[in-house]
Amino acid sequence: MGRAGSGLHLPVLRRLRTAADSAHLFAPVPILAVDPHRRPAATIDLRPVSLAEAPRLADPADTVVHLCTPPTERAAALDTLGRLGYRRILLEKPFAADAAGLDELLELRERHALDLVVVAQWLGSRLTDRLRAALASGAYGPLRTIHVVQRKPRFSRTLAGGGHPTAFDIELPHSLGLCLSLAGSGRVTGAGGTDMVIGGQVLPRLGTAWLNLQHDSGAWTRIRSDLTSPVRERRVTLELAHGTLIGHFPGSEADAYARLTVIDHSGESTELLHDDSLSTFLHRVYAYFAAGGAAAGAHHPHPDLAVNSQVVRLLDQAKTIAAQARDAQDRAAQAGNARTGNPQAGGTPADDVQRRAAAAR
């Protein structure tokens, strides 16, 4: 379960199981909840069980598993599920923590003939659908740049841990997948980030993250994520030859409206879109599984699996580039201290983070 399972997936599943257009996708039995860390409370529609009990209560062949473990703990859980006979599995983003972890999960997919789907609701949101339609129409000319800003305060959750190694693993899987789906494949040309500092405690690589991506199509992307911001914002700006599209995704699960602003030669227009993207995404995924899913197992994966795999590989490259940049900054600072004869002039952890933030900007 965890936060993603109990706080995000479960409320959506409860709505879908009673909605007129989706109730037929679900069996009228309680949801089985497995949480090795904290047993959830039983309700009329939720039954806490152990993983060993679950196959006896619901046939693995007809069951969809929501695997909400952190990416660093996913391979062992996925292998266990495959050995128990589960094939239809939803994985929380990111698909994996790095390229090596991705290769391990893809090998498990082949070994157990798993039908894997990564939870990437931005790829199925109404706002994304509108952006895709605008690009496909050609009304605003070719795409030149994509600029994504993701900001939110994430202090308490970061202090509590949760398995995300860096800020690259938290918000960027959503935005990078979006950019790849809009502009096609590409390569990372620059990346960086900063630590989070709370009361003198340094949480390495969990403050900010940014990357630049050159797409094979000629467009380029700039993504900036700040987990130390006092405000929430999820904004994407598409600059085209003859217009600009500005989209704001819902800031959290507390609201379900997105906003699209179009600026072109005729002026500016704005509209609100009801965009409960996780509900839309899960509805589509359950319909996909109900229709048979991957007809030939691992040899015909879910259509979005390739994009989500590319997201992991590009983020792995971005982390390497960011780490190299940090090492270079540290070496330069040490050399400067040596020249001034003050090897202890490193300052406080907060001073160090401020220097790195300035370098990143």
Side-chain angles (χ1 to χ4, degrees), residues 1-26 31 33 43 45-46 64 66 68 90-94 117-135 146-154 156-157 170-179 181-182 223 225-227 229-238 245-262 268-290 304 307-308 311:
M1 292 281 282
R3 179 187 180 276
S6 60
L8 299 176
H9 294 225
L10 184 56
V12 172
L13 286 175
R14 283 173 164 158
R15 290 197 298 271
L16 293 177
R17 282 159 58 91
T18 58
D21 63 341
S22 55
H24 66 283
L25 299 172
F26 302 88
I31 299 169
T43 64
D45 65 347
L46 186 73
V64 176
H66 293 237
C68 300
L90 269 164
L91 297 169
E92 251 302 328
K93 61 82 183 169
V117 180
V118 180
V119 178
Q121 61 264 36
W122 280 25
L123 297 183
S125 79
R126 288 192 64 197
L127 177 56
T128 301
D129 289 344
R130 292 294 300 277
L131 295 175
R132 285 198 188 103
L135 292 176
I146 304 175
H147 184 197
V148 181
V149 174
Q150 296 170 289
R151 301 189 295 172
K152 69 177 182 181
R154 199 180 185 274
S156 297
R157 287 187 60 199
I170 298 171
E171 291 288 335
L172 271 75
H174 287 309
S175 54
L176 183 53
L178 170 70
C179 296
S181 72
L182 294 175
I223 301 175
S225 176
D226 183 359
L227 303 179
S229 172
V231 298
R232 288 180 174 268
E233 182 180 24
R234 290 172 170 171
R235 168 169 47 90
V236 57
T237 301
L238 274 59
L245 309 180
I246 304 172
H248 286 84
F249 289 90
S252 72
E253 61 272 17
D255 204 353
Y257 281 86
R259 188 174 76 169
L260 175 62
T261 299
V262 178
E268 178 177 327
S269 63
T270 298
E271 66 175 310
L272 291 176
L273 306 168
H274 185 265
D275 198 3
D276 185 355
S277 58
L278 184 56
S279 292
T280 300
F281 178 83
L282 291 183
H283 188 176
R284 292 177 180 177
V285 170
Y286 271 82
Y288 161 81
F289 284 135
D304 291 339
V307 169
N308 286 299
V311 165

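One is the number of the first residue; the rest follow in order along the sequence. Note that the structure is a prediction, hence the values are computed from the model and not measured.
Looking at Arg284, its side chain does come within 3.5 Å of a backbone N or O of Gly124 through a donor-acceptor pair. The backbone N or O of Asp226 lies less than 3.5 Å from no partner atom in the side chain of Ser229, so there is not a single donor-acceptor pair. Asp275 places no side-chain N or O within donor-acceptor distance of the main-chain N or O of Ala256, the cut-off being under 3.5 Å.
A heavy-atom distance below 4.5 Å is found between the side chains of Leu182 and Leu131. Side-chain contact check for Thr261 versus Glu271: every heavy-atom pair is 4.5 Å or farther apart. Two residues are said to be in side-chain contact when any heavy atoms from C-beta on lie closer than 4.5 Å; Ile170 and Leu172 fail this criterion. Taking 4.5 Å as the limit, every side-chain heavy atom of Arg234 sits out of range of all side-chain heavy atoms of His248. Contact check for Leu25 versus Leu16: no side-chain heavy atoms found under the 4.5 Å cut-off. Residues Ser125 and Phe249 form a side-chain contact, since some pair of their non-hydrogen atoms from C-beta on lies under 4.5 Å apart.
Applying the side-chain contact (heavy atoms from CB on, under 4.5 Å) test between Phe281 and each of Asp276, Val12, Val117 identifies Val117 as the sole match. When the options Arg17, Arg14, Arg15 are evaluated for a salt bridge (charged side-chain N to carboxylate O under 4.0 Å, His left out) with Asp45, the one that passes is Arg14.
Between His66 and His9, the angle of the ring planes goes over 60°, which puts this pair in the perpendicular group of the 30/60° scheme. A tilted orientation is assigned to the rings of Phe26 and Tyr286, their planes being inclined by 30° to 60°.
Looking at Glu171 and Arg151, no side-chain N of the basic residue comes within less than 4.0 Å of a carboxylate O on the acidic one, giving no salt bridge. The pair Arg132-Asp129 meets the salt-bridge criterion, with a side-chain N (NZ, NE, NH1 or NH2) lying under 4.0 Å from an Asp/Glu carboxylate O.
What you find for Cys179 and Val148 is that their closest heavy atoms are SG-CG2, 3.7 Å. A pairwise comparison of heavy atoms in Arg232 and Gly251 identifies NH1-O, 3.3 Å as the closest pair.
One distance of note links CG of Leu273 with CG of Leu127; it measures 6.0 Å at 0.5 Å rounding.
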